[in-house]
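Just the heavy atoms: all of them, side chains too, but no hydrogens, waters or symmetry mates, feed the values below. Below, read A as the first sequence line, B as the second, and so on, with proteins coming before strands; counting in each chain starts at 1.
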There are 2 protein chains.
Amino acid sequence: MDELPTTPEAANHASTETVLKRAGIDPTPLRLAVIQVLAREGRALPAGDILALVQDQHRANKVTLYRILDLFVEKGLARRHSSGDRALRYCLEPGSAGRPHCHAYCLRCGRMECLPGVEGVVDMAALGPALAMEVVAVEVRIDGVCAACRRKPSVPETPVDAGSGNS
Amino acid sequence: MDELPTTPEAANHASTETVLKRAGIDPTPLRLAVIQVLAREGRALPAGDILALVQDQHRANKVTLYRILDLFVEKGLARRHSSGDRALRYCLEPGSAGRPHCHAYCLRCGRMECLPGVEGVVDMAALGPALAMEVVAVEVRIDGVCAACRRKPSVPETPVDAGSGNS
DNA sequence: TTCGTCGTGCAACTTTGTTGCATTGCCCGT
DNA sequence: ACGGGCAATGCAACAAAGTTGCACGACGAA
Ligand SMILES: [Mn+2]
Ligand SMILES: [Mn+2]
Ligand SMILES: [Zn+2]
Ligand SMILES: [Zn+2]
């Protein structure tokens, strides 16, 4: 089953199907399209953006998309994060390893990049009082202005539409 | 110079007014009620909760509340945080120091407690790639189950049809 | 076939927050 | 006192993101 794919496209399709199956998820065309969008973009996207990208190839409904995203999160395939704006964002586990990771959110363009895992970044011991709680997850988000945006004139343009040139 | 009252109670009328004035905010009755609720609760509250608490004493409209909260955030009096559910939460700077701090969010009861500052908790150097961004804020949230909730039966309300005389 | 489940779609709804505009009270210059 | 701004508040309508209820077609098991 570890055949070398001949093209990146084929690799993407073949391996995402395998990923879904191994997670116990029936690899329907729509689910494949969703996971491929997430894999291709490699960062945390709001559902609206995912829908727009998926719809480039597939007719799709937002309710179904939300259900697919919930399923991915439930099965540990994807993670859901909040960005401080109103929309939650979804990303794959980078490297398909199941480790939680930090994010960087650009307040100007709305891009949310995945960063290394939280291990070594957060010193849980320094949070004394927090340890009164049974920890389930640790969210770390760096808000700021990304390199690309800093290079651009700081035009007070339309603020953060969470859109990335799609649709 | 910035002597805080020795008791939290004393803080509740005389000093909240001073805090507002020093922040350049006209201390209207409604604004005083809002900051007093935040000071009294000492944790991060969603706007809906703040409105309910304020309305115990004061007739108030949600639009005005949102505008007051925006103003507090803009003037650096309060902070806005996301909790993973879709309501943003507001808290005062603990100790009236202007330092950002971490939070603990209970997934069961929804309480969001303020924790110590992020200094000493997050190792920014460990985030290599993130440093491509000009950092504006660092959000750290610990999700889990708080001590109080862990003590309670894990299922608050289950539609189990045990023989309790319900037909 | 008949049945049940699964994946999807659509409309209506809920929650959270925002916009537009009216009203009220206050300060300020006349 | 008068009148014009202006700040603070309120109300209704709106908007974005997500959820619920229900229907429908596909498909496989009985
Ligand atoms: Mn991520
Ligand atoms: Mn706080
Ligand atoms: Zn950017
Ligand atoms: Zn709790």
Side-chain angles (χ1 to χ4, degrees), chain A residues 17 20-21 23-35 37 44-55 57-75 77-90 105 110 112 158-164 166-167, chain B residues 17 20-21 23-35 37 44-55 57-75 77-90 105 110 112 159:
Chain A
E17 182 164 339
L20 287 186
K21 280 184 193 159
I25 299 175
D26 190 28
T28 66
L30 192 48
R31 287 165 176 172
L32 280 171
V34 172
I35 197 177
V37 161
L45 296 171
D49 284 16
I50 299 172
L51 184 60
L53 292 169
V54 161
Q55 279 176 335
Q57 322 163 342
H58 255 282
R59 177 174 171 286
N61 178 272
K62 75 171 176 171
V63 176
T64 310
L65 174 64
Y66 280 119
R67 290 195 278 232
I68 288 174
L69 291 171
D70 287 349
L71 180 67
F72 284 6
V73 169
E74 190 188 355
K75 297 292 186 180
L77 263 187
R79 297 194 160 254
R80 185 174 14 227
H81 303 279
S82 59
S83 55
D85 74 359
R86 197 114 268 53
L88 298 177
R89 289 162 192 252
Y90 297 83
Y105 179 66
M112 188 158 164
T158 314
V160 178
D161 176 24
S164 24
N166 52 56
S167 137
Chain B
E17 181 164 338
L20 287 187
K21 280 183 190 159
I25 298 175
D26 190 30
T28 66
L30 192 47
R31 287 167 177 171
L32 280 171
V34 171
I35 198 176
V37 161
L45 296 170
D49 286 14
I50 299 171
L51 185 60
L53 291 168
V54 161
Q55 279 176 335
Q57 326 162 341
H58 224 286
R59 175 175 172 286
N61 177 272
K62 75 171 176 172
V63 175
T64 310
L65 173 63
Y66 280 119
R67 290 195 278 232
I68 288 174
L69 291 171
D70 287 350
L71 180 67
F72 284 6
V73 169
E74 189 189 352
K75 297 292 189 180
L77 262 188
R79 296 193 162 255
R80 183 173 15 225
H81 303 279
S82 60
S83 55
D85 71 1
R86 46 205 49 76
L88 298 177
R89 289 163 191 252
Y90 298 83
Y105 178 67
M112 189 158 164

Flag the pair A/Leu20 / A/Lys75 as yes when at least one side-chain heavy-atom distance between them is below 4.5 Å, and no otherwise.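 They are not in contact (no side-chain heavy atoms under 4.5 Å apart), so the answer is no.
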
Any side-chain heavy atom of A/Leu69 within less than 4.5 Å of one from A/Arg80?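 A/Leu69 vs A/Arg80: side chains apart.
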
Side-chain donor/acceptor of B/Asn61 to backbone N/O of B/Val63, under 3.5 Å: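 At least one qualifying donor-acceptor pair exists.
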
Are there any protein N/O atoms within less than 3.5 Å of an N/O atom in nucleotides 9-16 of chain D, and if so, which ones and at what distance?
from: D/dT9; atom 1: OP1; to: B/Thr28; atom 2: OG1; distance (Å): 2.9
from: D/dG10; atom 1: OP1; to: B/Arg59; atom 2: O; distance (Å): 3.4
from: D/dG10; atom 1: OP1; to: B/Arg59; atom 2: NH1; distance (Å): 3.1
from: D/dG10; atom 1: OP2; to: B/Asn61; atom 2: N; distance (Å): 3.1
from: D/dG10; atom 1: OP2; to: B/Thr64; atom 2: OG1; distance (Å): 3.2
from: D/dG10; atom 1: O3'; to: B/Arg59; atom 2: NH2; distance (Å): 3.1
from: D/dG10; atom 1: N7; to: B/Arg67; atom 2: NH2; distance (Å): 2.9
from: D/dG10; atom 1: O6; to: B/Arg67; atom 2: NH2; distance (Å): 3.0
from: D/dC11; atom 1: OP1; to: B/Arg59; atom 2: NH2; distance (Å): 2.7

Which heavy atom in [X] sits nearest to a heavy atom in [Y], and how many Å separate them?
X	Y	answer
B/Tyr66	B/Ala47	CE2-CB, 3.4 Å
A/Phe72	A/Arg31	CZ-O, 3.7 Å
B/His58	B/Pro29	NE2-CB, 3.4 Å
A/Ala60	A/Gln55	O-NE2, 2.7 Å
A/Ser82	B/Gly84	OG-N, 4.1 Å

Interatomic distance where [atom1] belongs to [X] and [atom2] belongs to [N] [whole Å]:
X	N	atom1	atom2	answer
B/Asp85	D/dG18	CG	P	12 Å
B/Asp26	D/dC6	CG	C1'	12 Å
B/Lys75	D/dA7	NZ	P	12 Å

5' to 3' on DNA chain C, which nucleotides open and close the contacts with chain A (atom under 4.0 Å from a heavy atom)?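 So the contact region on DNA chain C extends C/dG7 to C/dG17.
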
